[in-house]
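To keep things clear, I will list the structure first and then write my remarks on it.
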Amino acid sequence: NAGVTQTPKFRVLKTGQSMTLLCAQDMNHEYMYWYRQDPGMGLRLIHYSVGEGTTAKGEVPDGYNVSRLKKQNFLLGLESAAPSQTSVYFCASQGQGSNEQFFGPGTRLTVL
Amino acid sequence: GENVEQHPSTLSVQEGDSAVIKCTYSDSASNYFPWYKQELGKRPQLIIDIRSNVGEKKDQRIAVTLNKTAKHFSLHITETQPEDSAVYFCAASIGYKLSFGAGTTVTVRA
């Protein structure tokens with residue numbers, strides 16, 4: 001079992017460029033999440049999904065879009081990157097009936 | 001939504017001493033309280049959790065206590081070791097959503 005994986009691990013963008021971050025899990029988990037981590041601010045929820053084909057906004061959704069076309073994948077998109085989106089992005093998944101969230105290794109994104 | 005506050009933001013302890021991190025939460029409906037440890041450059045990993053129907057839980061050198069009336073919970077690490085140096089996050093959950101504290105950077109001095 002690979003658990004939760006994320007691609008890419010690192011990315012540098014210029015302001016205005018777009019990109020998609022991919023999260024994949026092989027644990028058959030229903031719930032998936034995207035967080036951003038900034039110094040001194042903990043983990044903040046961007047978007048989440050409670051099942052294939054469903055998505056919902058979290059605490060800081062502006063500037064991001066998501067899709068969950070397959071149960072095992074959760075994509076995070078930035079349509080027009082801004083320097084304020086420089087951060088480390090973590091994906092997580094959780095099984096139905098369980099409370100534990102399992103995190104991916106993270107993607108470090110820099111927007112110049 | 002749920003608001004979780006965590007203190008202190010940094011904690012330096014002598015090896016062998018105890019470390020205590022405290023968190024408060026705002027929503028009395030929260031019923032699950034995990035603690036995650038994140039080493040430098042790594043992903044957060046669950047180290048211990050407690051549910052709202054339990055007051056205390058221990059796992060070797062770590063323990064968590066919960067006071068539902070006061071809406072606060074704490075992490076206790078005894079006999080600290082260099083490998084305990086990391087950032088620790090508390091969180092509170094209603095259903096399937098977690099709200100995290102801002103984190104505590106723990107440094108264990110040799």
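Residue numbering restarts at 1 for every chain, and letters A, B, ... go by the order of the sequence lines.
With a threshold of 4.5 angstrom between heavy atoms, A:Gln37 approaches chain B through side-chain atoms but not through N, CA, C or O. Both the backbone and the side chain of B:Pro44 have a heavy atom closer than 4.5 Å to some heavy atom of chain A. In this structure, the portions of A:Leu43 lying under 4.5 Å from any heavy atom of chain B include both its backbone and its side chain. With a 4.5 Å cut-off on non-hydrogen atoms, B:Gln6 does not touch chain A at all. Of the atoms belonging to A:Tyr48, it is side-chain heavy atoms, and not backbone ones, that fall under 4.5 Å from chain B. Contact of B:Ser9 with chain A is not made at all, since no heavy-atom distance falls under 4.5 Å. Of the atoms belonging to A:Val50, it is side-chain heavy atoms, and not backbone ones, that fall under 4.5 Å from chain B.
Surrounding NZ of B:Lys22 are at most 12 heavy atoms belonging to other residues, nucleotides or ligands under 6.0 Å away. By the 6.0 Å contact criterion, CZ on A:Arg108 is open, its count of non-hydrogen atoms from other residues, nucleotides or ligands being 12 or less. For CD of A:Glu52, the number of neighbouring non-hydrogen atoms (other residues, nucleotides, ligands) closer than 6.0 Å is greater than 12. Heavy-atom contacts from other residues, nucleotides or ligands closer than 6.0 Å to CD of B:Gln60 number 12 or fewer. Around atom CD of B:Glu15, more than 12 heavy atoms belonging to other residues, nucleotides or ligands sit under 6.0 Å away. Residue B:Leu40 places its CG atom among 12 or fewer non-hydrogen atoms of other residues, nucleotides or ligands, all under 6.0 Å distant.
Remark: the backbone N or O of B:Lys97 is not paired with any side-chain donor or acceptor of A:Tyr31 at under 3.5 angstrom. For A:Tyr33 (side chain) and B:Tyr96 (main-chain N/O), a donor-acceptor pair under 3.5 Å exists by modelled atom type.
The nearest pair of heavy atoms linking B:Tyr36 to A:Gln101 is OH-O, 3.0 Å. The shortest non-hydrogen separation linking A:Glu100 to B:Leu46 is CD-CD2, 3.3 Å. Pairing each heavy atom of B:Ala102 with each of A:Gly40, the nearest pair is CB-O, 3.5 Å. The two residues A:Asn99 and B:Ser93 come nearest to each other via the heavy atoms ND2-OG, 4.3 Å.
One hydrophobic cluster, built from ILVMFWY side chains closer than 4.5 Å, cannot hold both B:Ile47 and A:Phe102; they sit in different ones. The same ILVMFWY cluster, assembled from side-chain heavy atoms under 4.5 Å apart, contains both A:Val60 and A:Phe74. Under the 4.5 Å side-chain heavy-atom criterion for ILVMFWY residues, a single connected hydrophobic cluster contains both B:Phe73 and B:Ile77. A:Met41 and B:Leu11 are assigned to two separate hydrophobic clusters, defined by single-linkage of ILVMFWY side chains at heavy-atom distances under 4.5 Å.
Looking at heavy atoms from C-beta onward, A:Tyr35 lies in side-chain contact with B:Leu98 at the 4.5 angstrom threshold. With a 4.5 Å cut-off on side-chain heavy atoms, A:Phe90 and B:Arg43 count as touching.
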